[in-house]
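Remember, it's a predicted structure, so these values are computed and weren't measured experimentally. In what follows, every chain begins at residue 1, and chains take the letters A, B, ... in the order their sequences are listed.
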Protein chains: 2
Amino acid sequence: MASNVVMDELLCDAINCPPETGLCQKFEQIAQIHNIARGQDAPLDITRPVLVFVSQGATKLVGRASGQRDQIVAFHLAGDILSVAGDALHSYRLTALSDSRLIVFDEEEFLECAAAEPAILRALIERIETALHRSRGKAISLGRKSAQERVAGFLYILSKRMKSSTNGKCVLDLPMSRRDIGDSLGLTIETVSRQFSELKAAGLLETCGRSRVLLPDIGGLARLAGHSNFS
Amino acid sequence: MASNVVMDELLCDAINCPPETGLCQKFEQIAQIHNIARGQDAPLDITRPVLVFVSQGATKLVGRASGQRDQIVAFHLAGDILSVAGDALHSYRLTALSDSRLIVFDEEEFLECAAAEPAILRALIERIETALHRSRGKAISLGRKSAQERVAGFLYILSKRMKSSTNGKCVLDLPMSRRDIGDSLGLTIETVSRQFSELKAAGLLETCGRSRVLLPDIGGLARLAGHSNFS
DNA sequence: CGATACTTTGACATGGGTCAATCAACGTGG
DNA sequence: CCACGTTGATTGACCCATGTCAAAGTATCG
């Protein structure tokens, strides 16, 4: 019972935790569940590093520079695991884009629990590396790409992550606002909006309401995105 | 003998590998050593993910967008471990800033070897998380900070990493060129140079030759760097 | 159906890029 | 050890992409 409540199938799958061992129960004891309403911050205590598993919903990890300047460091969708730690230089918070369910572990305790299971540690390494590789890609975009390339790349990558594409076309329900997109791409909402308009004019994007988006030509987006393998 | 050649003390320490077990010898068998001259790329085959240990020297991990635009994704100094994987979107290369010695593992093989040693896996997790956290900080800088803040933050962070600071003052020998600094901060060499000049005028920086740098007031740099905890 | 928040569009300002010229560091050969 | 050449750094003038400020438009929700 408790096992079903805390350690959902998705998490067991994510960390490669064989349900038949008693391990899930050990993890249950150290897990904290948070149900976060859309727009609310997860009440994380990151004086110590934590591992967060996004069981349902979608979240943004936001870093803040001085002067209220926010930079979204990553989006994390259902099924993702992320590591969050405090930082002397910037403050971080994890905010729900839609109603979300998070399973939070003190990282130290989690690793203690998982020590006997190399498979779990390896799954975790893989997840953190995925986060690292995405972050590197973001650094390239933020450091060296134009607004148009960033927006096209954003849509392209999101279409891949949300796996809703079929032979070059794709419909998405963006869980994030224009502000979020801007905060993720290091742009203002106005610039994001203008780039959306240009993509519409180029026939690479149609919108329907605020959040629904139709991408008729994913390949075209990739070409605009300034990926080194496309020119 | 071979053990001393391949698995140096630094690496054993880095991955928390107890020298008394026979483990080091197993790692030796799968390790590849590369001595890279200043300015040369490591001949990494990243069709599969690799782990690289920087045994001596200093390196830059460079990502490339289309059109020859380089973004340095991270600097890695002696003692660092990094994970590098290919990417459909951007190409990456690891280049030596000074003559360097790298110990390279196929990541899969490394993890296979380390499976029985949770301590090694944990050490690896810690290192990768460090890389992730640095990369997040870089994303905040690239996305939301001014040229002056980026340059000040760069010097501040480097002074911490190279541990050459004494009560607010610090002398550094920068292993990287102005171009490298620009490629790391998402700026041009000219902008980096102008910011250096402004910092000199503000009494926060003195230079001596191309690479030697004196930072008389680290706290002042931190204040300029736009870190959220300093205003 | 009206209120409110979000988005789009426009006019203008500006930080940092680009291009070009000068200057300084460093290595090399005499 | 010095003159010279090469490469990298600095400075200046100008320009453009994106930020800023303001207004109008439009989803969405009670």
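Note that NZ of A:Lys169 is 7.5 Å distant from CG of A:Leu214, once rounded to the nearest 0.5 Å.
The shortest distance between side-chain heavy atoms of A:Leu174 and A:Ile181 falls below 4.5 Å. When side chains are defined from C-beta on, B:Ile81 does not count as touching B:Phe105, because their heavy atoms never get closer than 4.5 Å.
Within 4.0 Å of B:Lys200, counting heavy atoms only, lie sugar-phosphate atoms of the nucleic acid but no base atom. Residue B:Ile189 is classed as having no contact, given no heavy-atom separation below 4.0 Å to the nucleic acid. Counting any heavy atom pair closer than 4.0 Å across all strands shown, A:Gly186 reaches sugar-phosphate atoms only and no base atom. Counting any heavy atom pair closer than 4.0 Å across all strands shown, B:Arg178 reaches sugar-phosphate atoms only and no base atom.
Here the P atom of nucleotide D:dG19 and the CD atom of A:Gln68 are 18 Å apart, to the nearest Å. Put simply, CG on B:Leu205 is 9 Å from P on D:dT10, counting in whole angstrom units. As rounded to whole Å, 8 Å separates atom C1' of D:dG12 from atom CZ of B:Arg194. The distance between atom CZ of A:Arg210 and atom C1' of D:dG25, rounded to the nearest whole Å, is 11 Å. Atom CG of B:Leu142 is separated from atom P of D:dT18 by 15 Å (rounded to the nearest Å). A straight line from CZ of B:Arg144 to C1' of D:dG19 spans 10 Å, rounded to a whole angstrom. Atom-to-atom, CZ of B:Phe196 to C1' of D:dT11 comes out at 16 Å; the value is rounded to the nearest Å. With rounding to whole Å, B:Leu174 atom CG is found 10 Å from D:dA9 atom P.
A sub-4.0 Å separation between OP1 or OP2 of D:dG19 and a side-chain N or O of A:Thr191 is present. Within the structure, every side-chain polar atom (N or O) of B:Ser193 is placed at least 4.0 Å from both OP1 and OP2 of D:dA9. Under 4.0 angstrom from either OP1 or OP2 of D:dT20 there lies no side-chain N or O belonging to A:Thr188.
Side-chain proximity of A:Leu187 to the nucleotides D:dA13, D:dT10, D:dT18 is greatest for D:dT18.
For residues 42-66 of chain A, the salt bridge (Lys or Arg N to Asp or Glu O under 4.0 Å) pairs, not counting sequence neighbours, are A:Arg48-A:Asp106, A:Lys60-A:Asp180, A:Arg64-A:Asp70.
The pair A:Asp173-A:Arg212 counts as a salt bridge, with a side-chain nitrogen and a carboxylate oxygen less than 4.0 angstrom apart.
Nearest-nucleotide assignment on DNA chain D puts the 5′-proximal partner with B:Ser197, out of A:Arg150 and B:Ser197. Checking A:Glu190 against B:Gln148, the closest nucleotide of DNA chain C that is more toward the 5' end is the one next to A:Glu190.
Around atom CZ of A:Arg161, more than 12 heavy atoms belonging to other residues, nucleotides or ligands sit under 6.0 Å away.
On the nucleic acid side, DNA chain C contacts chain A at distances under 4.0 Å to non-hydrogen atoms, with the end points of that region at C:dA5 to C:dA11.
Annotation for A:Ala139 and B:Gln71: closest pair O-CG, 3.7 Å, computed over non-hydrogen atoms.
Checking B:Ser66 against B:Arg69 by side-chain atom types alone, a donor-acceptor pair falls below 3.5 Å.
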